[in-house]
Student: 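Can you keep this structure in mind? I'll have questions shortly.
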2 protein chains.
Amino acid sequence: MEQTSHKARRQREIETQREAILEATRQLARQNGWPKVSIRKIADIVQYTPPLIYEHFKNKEALLIELEAVGFGKLRRTLDEARQRSGDPVLQLVALAEAYWEWAFAHAELYQVMFNLEGVQATSPRETALREAGPAVTETLRQLVLFSGPLDELFFNWWAMCHGHVCLIMSGHLQGHRSAIRQALLSGTERFAQGLR
Amino acid sequence: MEQTSHKARRQREIETQREAILEATRQLARQNGWPKVSIRKIADIVQYTPPLIYEHFKNKEALLIELEAVGFGKLRRTLDEARQRSGDPVLQLVALAEAYWEWAFAHAELYQVMFNLEGVQATSPRETALREAGPAVTETLRQLVLFSGPLDELFFNWWAMCHGHVCLIMSGHLQGHRSAIRQALLSGTERFAQGLR
DNA sequence: AAATTTGCATAACACCGTTAAGATTCCTGA
DNA sequence: TCAGGAATCTTAACGGTGTTATGCAAATTT
């Protein structure tokens, strides 16, 4: 049946369009920041007219939510990898913070859409999205804490430390102190981990 | 000279208009979130037409920057007060974190414009704005650290802890865990302070 | 070959930030 | 007192935005 292959080919074309839209969106956000990202400009880049975007995404927010999920997935994998580069839990936790920091700035446009920073606004149910990146961290924390400590609290602490330092730079505050803040995050995380032994 | 009193009266009217604009902006942001704040709606509330806004502010961003400054001023005063409610530096640092948390949610619309959260985007020189709220915290930290420790780093750590926890809630992540995150911030700050003795 | 579905574009709507031009009121000075 | 001008505000417009109804042409099915 070549009908099937036609349909399959068409299906791949659609998927290609979808990927192109997502990639164009990220490109625009990287180049000019999220506030200047518009459906019309995205359509321009992918060489179609605006209504085509709406065949792939219900609206602009749905596009952002998709990228948010992409971001959390990528971040999760990055953290999983980082955890496996050392055995000592203290070093692990610091390595996780370092990986978090590097990832955030290497994929700033994703990070911004994940946390509604710098002009992004998407109101989605994100409850699960954040937790998804947690297991690697939580497992490392577990090795640091005797008995069953308040793992949730400690996880929030670690996350807030990382996110907080990243945000201070991304929001434009302390622009000139990027490496100093990076150092503060790393040494702060180490002290945090040491204190849990 | 009643010319002078005329001018003075007029001056006060202008100031009143300006205040009304700022207040209307905050009101709209509180009610519907920043993305739905528009010059036209602000003009509606203050019972004038849009161009009048531009007699008081160069553009929309200038309005936001003004509110950003208002926010940092208020936050600074709040922290100064909180610091004076206890003598013990550990308790002080925790009280500062608590005051920070409470203030952020009591003035969420200001907090969002201060840090470009939830759809706000203002590109301003903020270097000084953040530091302005620092002295109270730094002074408390000084009492905790022997000799001259890396006060800058510790200040960034404290700030990032507070800001990070606040952000996790404000961005919609962990929506249901507000009081748990609050508790995490407070106990995390206490552990942080204890570790500096 | 006719009918229908697919795949896209054109064109429109309401809203946005911003500004140029006009109208009206008020004050000034002769 | 009254013309002239400044102060004060509005109307109207421009280009941009997200989104959707309509239309058209090609491809597919019957």
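Chain A is the first sequence line, chain B the second, and so forth, proteins listed ahead of strands; every chain is numbered from 1.
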Student: Compute the ring centroids of B:H56 and B:Y48, then answer whether they are less than 6.0 Å apart.
Tutor: no

Student: Enumerate all atom pairs, one protein N or O and one N or O from nucleotides 5-7 of chain C, separated by less than 3.5 Å.
Tutor:
| residue | atom | partner | partner atom | Å |
| --- | --- | --- | --- | --- |
| C:dG7 | OP1 | A:R10 | NE | 2.3 |
| C:dG7 | OP1 | A:R10 | NH2 | 3.4 |

Student: Can you identify which nucleotide, out of D:dT19, C:dT18, C:dG17, has its nearest atom closest to the A:K60 side chain?
Tutor: D:dT19

Student: Nearest to the side chain of B:T49, which nucleotide is it out of D:dT10, C:dT18, D:dG18?
Tutor: D:dT10

Student: For B:K41, answer base if it contacts any base atom (sugar-phosphate contacts may also be present), sugar-phosphate if it contacts only those atoms, and nothing otherwise; contact means non-hydrogen atoms under 4.0 Å.
Tutor: sugar-phosphate

Student: With a 4.5 Å limit on heavy-atom distance, are the side chains of A:E23 and A:I45 in contact?
Tutor: no

Student: Starting at atom CD1 of B:I21, determine the distance to atom P of D:dC9, rounded to an integer number of angstrom.
Tutor: 10 Å

Student: We want to know whether A:S171 and A:E118 form a side-chain donor-acceptor pair, criterion being a heavy-atom distance below 3.5 angstrom.
Tutor: no

Student: In whole angstrom, what separates B:W34's CH2 from C:dC16's P?
Tutor: 15 Å

Student: Roughly, in whole Å, what's the span from OH in B:Y54 to P in C:dC16?
Tutor: 11 Å

Student: Please state how far atom CD1 in A:I39 lies from atom P in C:dC16, giving the value in whole angstrom units.
Tutor: 18 Å

Student: Considering only residues two or more places apart or on different chains, which pairs with a residue in residues 165-186 of chain A satisfy salt bridge (Lys or Arg N to Asp or Glu O under 4.0 Å)?
Tutor: A:E98-A:R182, A:E102-A:R182

Student: Between B:F115 and A:H173, is the ring centroid distance below 6.0 Å?
Tutor: yes

Student: What is the distance, rounded to the nearest whole Å, between atom CD of B:E13 and atom P of D:dC9?
Tutor: 8 Å

Student: When you measure only distances, ignoring hydrogens and angles, does the side chain of A:R40 come within 3.5 Å of the base of D:dG16 through a donor and an acceptor?
Tutor: no

Student: Nearest whole Å is fine: how far is C:dC16 P from B:N32 CG?
Tutor: 11 Å

Student: Expressed in angstrom and rounded to an integer, what is the separation of A:D44 atom CG from C:dC8 atom P?
Tutor: 16 Å

Student: With distance as the sole criterion, is a donor-acceptor pair present between the side chains of B:Y111 and B:H163 under 3.5 Å?
Tutor: yes

Student: When you measure from the side chain of A:P51, which nucleotide among C:dA20, D:dG18, C:dA9 comes out closest?
Tutor: C:dA9

Student: Any luck finding a side-chain donor-acceptor pair between B:Q92 and B:T140 under 3.5 Å?
Tutor: yes

Student: Mind calculating the distance between CD1 (B:I53) and P (C:dG17) to the nearest angstrom?
Tutor: 10 Å

